[in-house]
Amino acid sequence: MAVKTEQAKKKKKSKKEFVPNIVVFACNWCSYAGADNAGTNRLQHSPHFRVIRTMCSGRVAPGFVLKALKLGADGVLVSGCHFGDCHYIFGNYKQVEQFEVTKGLVKTLGLDMKRIRLEWVSAAEGPRWAELINEFVQQITELGPSPLNHKPGHK
Amino acid sequence: MARQPGRADGVLVLGGGITGIQAALDLAAADAKVYLVEKSPSLGGRMAQLDKTFPTMDCAI
Amino acid sequence: MLDAGRHPNIEVLTHSELVRFEGRAGNFKATVRRNPRYVDEDLCTGCGQCVHDCPAIVPNEFEVGMGARKAIYSPFPQAVPNTYIIDQEACLNNQFLVCTNCMNSCDRNAINYDDVPREVELNVGAAVVATGFDVYNASAIAAYGYGLYDNVLTNIELERVLNASGPTQGHIVRPSDHKVPKKLAFIQCVGSRGEGKEAGCEYCSRFCCMNAVKDGLLVKQHEPDIEELLLFYIDLRAAGKGFEEFYQRSFEMEELKYVRGRPSKILEDPETKDLLVYFEDVETGEVKTEKVEMVVLSTGAVAAASNPELADVLGIELDENGFFEVEPRYGSPLHTARQGVYICGCAAGVNDISDSVAQASGAAAEAEKFIEKMVVEKEPEEKKEMDCSGPPKVGVFLCHCGINIAGVLNIDELKEYAETIPNVEFVENNLFLCSDEGQRLMQERIAEHGLNRVVAAACTPRTHEPVFRDSCEEIGLNPYLFEMVNVRDQCSWVHTRVPEIATQKAKDMIKLGVAKARHLQPLYKKSIPVNQSALIIGGGVAGMAAALELEAQGMKVYLIEKDGRLGGRLNNLTRVYPANLSAFELARVMVEKVKASRVEAMAGTEVNNITGFVGNFDVSTTNGNFKVGTIVLATGADIYEPADEFGYRQFENVITNQELEDILHDTKGKIQIHGETPKNVVFIQCVGSRDPEKNPGCSRYCCPTTIKQAIRLRESGVNVAVLHRDMRTVGAKAEEHYRRARQLGVKFIRFTPERLPGVTGDGDRASSVEILELALNRVLDIEVDYVVLAAGMVPNEKSTSKLQDILKVPRGADGFFMERHAKLGPVETTTEGVFLAGCVAGPRDIADSLAQGSAAAAKASSIITHEMVALEPTTCIVEQSLCRACSKCVEMCDYHAPTLADIAPGLKAAQINQALCKGCGTCASWCPTGAIVALHFTDEQINSMLDALLLDKV
């Protein structure tokens, strides 16, 4: 039965297409450069995300992710350098630790864990960036609007 | 530092691959004027053609 | 690459060649011919519209012919300079068809069909030759059918196939039918290690073994469906830092099978286009075949075809292989016979990337001795900085970037929107904001409207932020009050097909930019004085080379050595390959040079402690204290001490190669060991190397050393057998020596780690060595007078761990110091101002150590050449009133920038050393009280961006 209502809900939604509001934190040296690389190669991907640049993924405090979700973002992606590639040696490892904290807080908020994601994209991985964005946008679109998203037009 | 008059301030670096670029950057960092001469239309050399490098699998560009 | 293109001291002359080179070291006159590009570098913005409109299509040489490009093109997406070029041979104009498409499409009028070659004359003090190599033409080996069979590729072609932006988007498909091959073969030594000219060159190309292992792993990653990968090889040469470990990891991949042997021929099935590889099974000696669907030839490196011409212009010689000849007198691989002309990388013979990079830095240090450093222009008089304390008045500048942005985004709509954002005072658009004209206009508007924050919606800050910041600074606006919004690379270029949605997105991006800009604060670069002197720790070849280079540049140098005399390992050697120089002579010459120089050399001295940071290290030694600006670690490594392996402790005639070296050192003329001339000597390789338990890495120096010693013994009539796992002839001429040893009758017999040779004997003397001969599958018993163990190289635990503690330079799993980057930073460490030279970072030979010494000197010199070092102001600072001294930040930081300090009696708070902080901001996100502020990426700035985006509140 539950499945049915889910489906029914989805049907309703498709009338007014849901466009997710996604915040992406990208580190300056790898992921932001990877996004640029996608541009240089003209790799078309979904436009439904907004990037905030930080110097290192280690800068992305759980508080930022949480704030984004509380303010109604439907998904948050944090992206840094691959292990061993970090411009600041181990900043990405520290983000892994922080992300565990973030996950705990997201759980407390009662949100689906699929709304947040931590990924690594290098400066040369334009194709991977495009793929990742498409995949994440798809994932969030399937999840539907965040329960905390109170923007008109979303519900 | 002892200055010797009549000496040029430039260094010619022939080849714009990874080796030439490295030499040019080191010279430039030590305040030398560098002329980096490359036969082909772009810098980069062989390394730009490689996909990844061993053993760390970093990207080559 | 980009750095070289942007450095103010580097003038990049691409598409150019040296045509004349006259004069002498310190004062050469070089004439360079600039071949016509037909596109003005200063005007071209790299927008690419011309390519779109060009009708002529030709194969792309960057994709080794597998892709296509136009007649007007940029060699590859990240090319520097990012200027297009017209290929005259492909351009229709040149074929008497009038086409002016590119000229018509160029908004900047950068195209000039009448461009002609120009000659420029340069006055230089020295020249560095870094012209690299050519790839061996695989079609020369007819038996492999390259060029004939569709599915035979070269390793370079495979690299492009593997690349996601390559011709197949990273999919591995057979050229014949575009299907993923199930079974592949790699064939090594194509054009390398040949006997006789038709099979290519005689030397080993060094990089191809590791390249094939790497490609094998990547192939599997890209195409998990691949069932079998055969790698045909003679010796697997994984002789570089971390290479052996990498090779060992490849055994985890079941599909990758190593097959020893060089295939004799390949035949193609004309119907299926599958390939039949014929090879001799080394184990059984029988000729076998394997059917595969694709073959990758590991083509080696040959001397560049342009070498003879360039050698002629430069007045230097070529060696027998066509590479530039190294002057052997110095033992270092960087010198040519002409003073002031230096050589590095593959121009002088085959080298891998990290050795090439180290040599490049070394050649730079050599060249620096012959030039007058530029006098750095004094900053023009202090400019009055604009007052920006009032409420933010934001100016938004929108760049069209030709049609790159304006062709997709609706600029009018963006402009209209930007004007409605609170605090935005002024909005203007420009065709090319980065052009001189665009920048001048921007400066005028800032002054006119009293703007105190600037947002540019244009391309990426990674390339253009410095340009805009400079323009702001020029007119007295603090450069950190500028913010860039990347609506090209990350919007118009990637959302081209949805212009309306892209425009909406660009509005949001501008809103985010303005939100951040409102909270930007002026930041100031601090300069700290540099102590213009260097400390070199370790008086071996690498340390002495570094000291001499720096001294020759006029620097104050302290060289300390813990032993009683300088010279290091060189003191224990007889002859040094490849040129057979006397080690004693080389050591003597260098020590004499050091003594005659102004280098303050202190033997018998050890470091007690070092504190401080780049430019300002306080050094305390057993021989006094001093201050330096930079430090080079050149403390070398130890030789592995065998335990009871191969009867080392048991039999007196089982010795190490170092002990043999001592004996050879003492014997003049006829070889005698303990007074008797030996008849039979057996060498056993890899003792304490390539052993996961003791030392996982390959020690690199031992194979060439054994070959050198074996030749010496064989020439005196001794029967010599070398028992080995793979003969790894690293270094110049090593493969040639290996061949010579075989010709002299030295026997080389292979063993595997599963079945080690056994040494047996009576009492305290070994009498025979037993080994399973794999090729014939029989046990051999070799009678011996002496067994020589080729002992590997291991880190010097005591000195390495002490220096690690003091300087915080990390060590790798193998115990050696870790480089900043295995390939691109082989002599740098992650601790700024601290460099590595020689075996302290891993095993290497004398020539490589000398090159590294020079390289470390170049790096050190780039720091202490300057009187001041400017510190980037985008660091973290502590609001001490909020700090509760939990020390989380101290724990967190890999640069040791935060420390706890007493700020009042009994009151501690964190403080961050601005010279050590790199500004990553990680400590700020961990600080529980918010006391740490990551400047330019503050909580306030990031939060306001989130507010703007999600609450529509700016």
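Order of the sequence lines fixes the chain letters, A, B, ..., with proteins taken first and strands second; residue numbering starts at 1 for each chain. Hydrogens, waters and symmetry mates are skipped; everything else that's a heavy atom, side chains included, is used.
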State whether the side chain of [X] and the backbone N or O of [Y] hold a donor-acceptor pair below 3.5 Å, judged by distance alone.
| X | Y | answer |
| --- | --- | --- |
| K516(C) | I52(A) | no |
| T922(C) | G91(A) | no |
| Q490(C) | V51(A) | no |
| H495(C) | H45(A) | yes |

Of the non-hydrogen atoms in [X] and [Y], which two are nearest, and what is the gap between them?
| X | Y | value |
| --- | --- | --- |
| S925(C) | P62(A) | O-CD, 4.5 Å |
| I501(C) | P47(A) | CG2-CG, 3.5 Å |
| Q44(A) | W493(C) | NE2-O, 2.8 Å |
| R462(C) | N28(A) | CD-O, 3.8 Å |
| Y895(C) | Y88(A) | OH-CA, 3.2 Å |
| L946(C) | A68(A) | CD2-CB, 3.9 Å |

For A130(A), is it the side chain, the backbone, both, or neither that has a heavy atom closer than 4.5 Å to a heavy atom of chain C?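 For A130(A), there is no contact with chain C at all, as no heavy atom is under 4.5 Å.
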Toward chain C, the part of Y32(A) with a non-hydrogen atom under 4.5 Å: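 Both backbone and side chain of Y32(A) come within 4.5 Å of chain C.
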Other residues, nucleotides and ligands only: do more than 12 of their heavy atoms fall within 6.0 Å of NE2 on H896(C)?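 Yes - once you tally the heavy atoms of other residues, nucleotides and ligands closer than 6.0 Å, there are more than 12.
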Is the count of non-hydrogen atoms from other residues, nucleotides or ligands lying under 6.0 Å from E500(C) atom CD greater than 12?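 Not more than 12 within 6.0 Å, no.
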By salt bridge (charged side-chain N to carboxylate O under 4.0 Å, His left out) - contacts of E832(C) (at least two apart):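 Checked E832(C) against salt bridge (charged side-chain N to carboxylate O under 4.0 Å, His left out); matches are K918(C).
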Using the salt bridge (charged side-chain N to carboxylate O under 4.0 Å, His left out) criterion, which residues pair with D508(C)? Sequence neighbours excluded.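 R50(A), K511(C).
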Let me see the working for R59(A) and D939(C) under salt bridge (charged side-chain N to carboxylate O under 4.0 Å, His left out), right down to the final yes or no. CA-CA 10 Å; R59(A) 175 71 186 103; D939(C) 287 359; 2.7 Å; yes
Given C27(A), C56(A), S57(A), the one that forms side-chain contact (heavy atoms from CB on, under 4.5 Å) with C920(C):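 Checked C27(A), C56(A), S57(A) against C920(C); only one passes side-chain contact (heavy atoms from CB on, under 4.5 Å): C56(A).
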Considering only NZ, NE, NH1 and NH2 on the basic side and carboxylate oxygens on the acidic side, decide whether E97(A) and K888(C) come within less than 4.0 Å.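 Salt bridge: no.
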Members of residues 928-938 of chain C whose heavy atoms come closer than 4.5 Å to chain A: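 Result: A934(C), F937(C), T938(C).
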Between T54(A) and I942(C), is there a side-chain heavy-atom distance shorter than 4.5 Å?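 They are in contact (side-chain heavy atoms under 4.5 Å apart), so the answer is yes.
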Supply the atom-to-atom distance [X] [atom1] to [Y] [atom2], rounded to the nearest 0.5 angstrom.
| X | Y | atom1 | atom2 | value |
| --- | --- | --- | --- | --- |
| L71(A) | D947(C) | CG | CG | 6.0 Å |
| K67(A) | L950(C) | NZ | CG | 9.0 Å |
| D489(C) | N37(A) | CG | CG | 9.5 Å |

For chain C, which of A73(A), G58(A), C86(A) has the most heavy-atom pairs under 4.5 Å?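 Looking at each option in turn, the highest pair count goes to G58(A).
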Tell me, out of Q95(A), R53(A), R128(A), who's got the most heavy-atom pairs with chain C below 4.5 Å.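 Max contact count across the listed options: R53(A).
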Set of side chain to side chain donor-acceptor pair (under 3.5 Å) partners for H48(A), sequence neighbours left out: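 H48(A) satisfies side chain to side chain donor-acceptor pair (under 3.5 Å) with no other residue.
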D894(C) vs K94(A), salt bridge (charged side-chain N to carboxylate O under 4.0 Å, His left out): CA-CA, chis, key distance, verdict: CA-CA 11 Å; D894(C) 291 308; K94(A) 281 158 203 163; 2.6 Å; yes
Chain A contacts, top residue of M509(C), M892(C), Q504(C), R488(C) (heavy-atom pairs, under 4.5 Å):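 Most heavy-atom pairs within the cutoff with chain A belong to M892(C).
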A924(C) portion near chain A, given a 4.5 angstrom heavy-atom threshold: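 Both backbone and side chain.
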